[in-house]
Number of protein chains: 2
Amino acid sequence: MTRHSDTTSYKDIKQTVLERIRSGEWRPDSLLPNEQELAIAFSCTRTTVNRALRELADEGFLERRRKAGTRVLSAPQRQARFTIPLVRDEVEAMGGTYRYALVSSEACTAPDWLSARLALRAGQDVMHVRCMHYSGNTPFQYEDRWIVIESVPQVSQADFTGTGPNEWLVETIPFTNVELTFLASRADASLAGFLDVPEGEPIFTTERITWLQGQPVTLAKLYFAAGYRMTTQI
Amino acid sequence: MTRHSDTTSYKDIKQTVLERIRSGEWRPDSLLPNEQELAIAFSCTRTTVNRALRELADEGFLERRRKAGTRVLSAPQRQARFTIPLVRDEVEAMGGTYRYALVSSEACTAPDWLSARLALRAGQDVMHVRCMHYSGNTPFQYEDRWIVIESVPQVSQADFTGTGPNEWLVETIPFTNVELTFLASRADASLAGFLDVPEGEPIFTTERITWLQGQPVTLAKLYFAAGYRMTTQI
DNA sequence: AAAAATTTAAAGTCTACACAAAATGGAAAT
DNA sequence: ATTTCCATTTTGTGTAGACTTTAAATTTTT
């Protein structure tokens, strides 16, 4: 089914612009014609051209400045953009059956490294939760999480035997700022046991620090099973 | 300086909507009023409301469907979005002096695992380039790259002694599709030597497969120095 | 020359309106 | 009861035009 034909869509314009860049017709660092001229060339309104170019700029292909015009970026800012799934969803997307198990959960005083990392006051109380996520009976992820009690007082009453702290937190304080770190770490004896890998195995790890309006809420260290690969298309 | 006051900007609407979600006024899974109603409530046009809600949907806060309306996502699709820097930029951003060294560069027949991975025809020729990136004299990244000669014939004449294949490729065939993978791998004897770490050390690794209009162009395996952390804010 | 003020070109955003496309919910037919 | 069809609602996108904001370029002043 073809779209009604005599009108130019912003998507067509995006396509065309990208093609002209790819083909070298519009070289990196060169200026595009201004919106008015493009509108005439594409026989559409400036509004439509504006949307197309604005989105291409958001996507990192163009640079736009008032009065200066629109420029092809020489080193396109390729942006990886991937969604952070809940463990449950990730396991189920792979066709596995998600299973959760609490390892330990206890309130304690924040250790020094944690206080430093989250900029806590000395001696602030935190809840330390450790748990496992399985795909069927295969270990999938070991979670080592610290929750600042003062930032989320309800956590004292929370019960993590049935559902994990992540799902609980998402329910309780939804929209937060997050700092996400990826790294490779080494399985120590304890972790090797939980993930069922040899000690010393390289483990893909993500650390997630969550803030609610400037207040540190939680630090989670997530250790993935051996061989885990995080993939995204750009 | 205050903006001209009696008009509502789409940014204000975005802010307000987010606040109402945060405050619990609009619960997860609930329907928002439709665009027409919101336009009246904000005393602006539907166009402006549309832009605000569309962007919030792009950012993963809302779900919109024709006829069904606009819904608050219960598990907001938090999207990590980070730019892929060139190694040079990354080193220099950390205050280091970037240095590049070619290890080896040779044309050969694609090994079977590579043919399979990139969906090459059997026996297709590739250029195999290995090189090091340093920050000052500290190893920063070891790069192991395969380039499909048929997709980039110019590569036969390319000289990688002075600049790395990545910078060369970015110049030569700018806008491509990329599949990006993150994983933790183990330093074998050779890699341990290049990165100056003990053998067996966990190494943060990214693999990048690049396609140009469906044609496989290159597979790069990038091994980062010990302790490397990739961080992003959401 | 250098600095300050002015002009002006380009993108940014809004209004107002129209029609298109999708998908839901209900009505009709099987 | 199930399927097919249709009306209706809601978002998606376009046109036309206006005013705003930014910042580059020019002119004027120091």
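Worth knowing before you read on, the calculation uses all heavy atoms, side chains too, and leaves out hydrogens, waters and symmetry mates.
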Quick one: which of [options] gets closest to the side chain of [X]?
X	options	result
A:K67	D:dA23, D:dT13, C:dT13	D:dA23
B:Y10	C:dT13, C:dT15, C:dA11	C:dT13
A:N34	D:dA24, D:dG14, C:dA10	C:dA10

d([atom1], [X]; [atom2], [N]) in whole Å:
X	N	atom1	atom2	value
A:L62	C:dG12	CG	P	11 Å
B:K14	C:dT13	NZ	P	10 Å
B:Q36	D:dG12	CD	P	14 Å
B:E35	C:dC14	CD	P	14 Å
B:E55	D:dG12	CD	P	13 Å
B:L56	D:dG12	CG	P	12 Å
A:D58	C:dA11	CG	C1'	14 Å
B:F42	C:dT13	CZ	P	17 Å

Does [N] have OP1 or OP2 sitting under 4.0 Å from an N or O in the side chain of [X]?
X	N	result
B:T70	D:dT10	no
A:R54	C:dG12	no
B:R65	C:dA22	no
A:N50	C:dT13	no
A:T48	D:dT13	no
A:R64	C:dA10	no

Open item on the list: Taking the cut-offs as 6.0 angstrom to the six-membered ring centre and 45 degrees off its axis, would you call B:R99 and B:Y134 a cation-pi pair?
Closed with: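 Yes, B:R99 lies over the aromatic ring of B:Y134.
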
Open item on the list: Would you call the rings of B:F204 and B:F224 parallel, tilted or perpendicular, taking 30° and 60° as the class edges?
Closed with: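 Rings of B:F204 and B:F224: tilted, 30 to 60°.
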
- [ ] Salt-bridge test for A:E55 and A:K14: reply yes if a basic N is under 4.0 Å from a carboxylate O, no otherwise.
- [x]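 Judged by the 4.0 Å cut-off on N to carboxylate O distance, A:E55 and A:K14 do form a salt bridge.
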
Task: Base C:dG12 paired with A:R46 side chain (donor-acceptor, <3.5 Å) - done: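 For A:R46, whose side chain was compared with the base of C:dG12, there is a donor-acceptor pair (under 3.5 Å).
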
TODO: Give a yes or no on whether a donor-acceptor pair under 3.5 Å exists between the nucleobase atoms of D:dT11, that is its base, and the side chain of B:R66.
DONE: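 Side chain to base: pair present.
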
Task: Along DNA chain C (nearest heavy atom to each residue), the more 5'-positioned of B:K11 and A:G69 - done: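 Counting from the 5' end, the first nearest nucleotide belongs to A:G69.
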
- [ ] May I ask you to check whether B:H133 and B:Y100 place their ring centres under 6.0 Å from each other?
- [x]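 Aromatic pair counts; centres sit under 6.0 Å.
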
Open item on the list: For B:E90 and B:Y228, which I'm curious about, is there any donor-acceptor pair between the side chains at under 3.5 Å?
Closed with: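 Present: a donor and an acceptor within the cut-off.
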
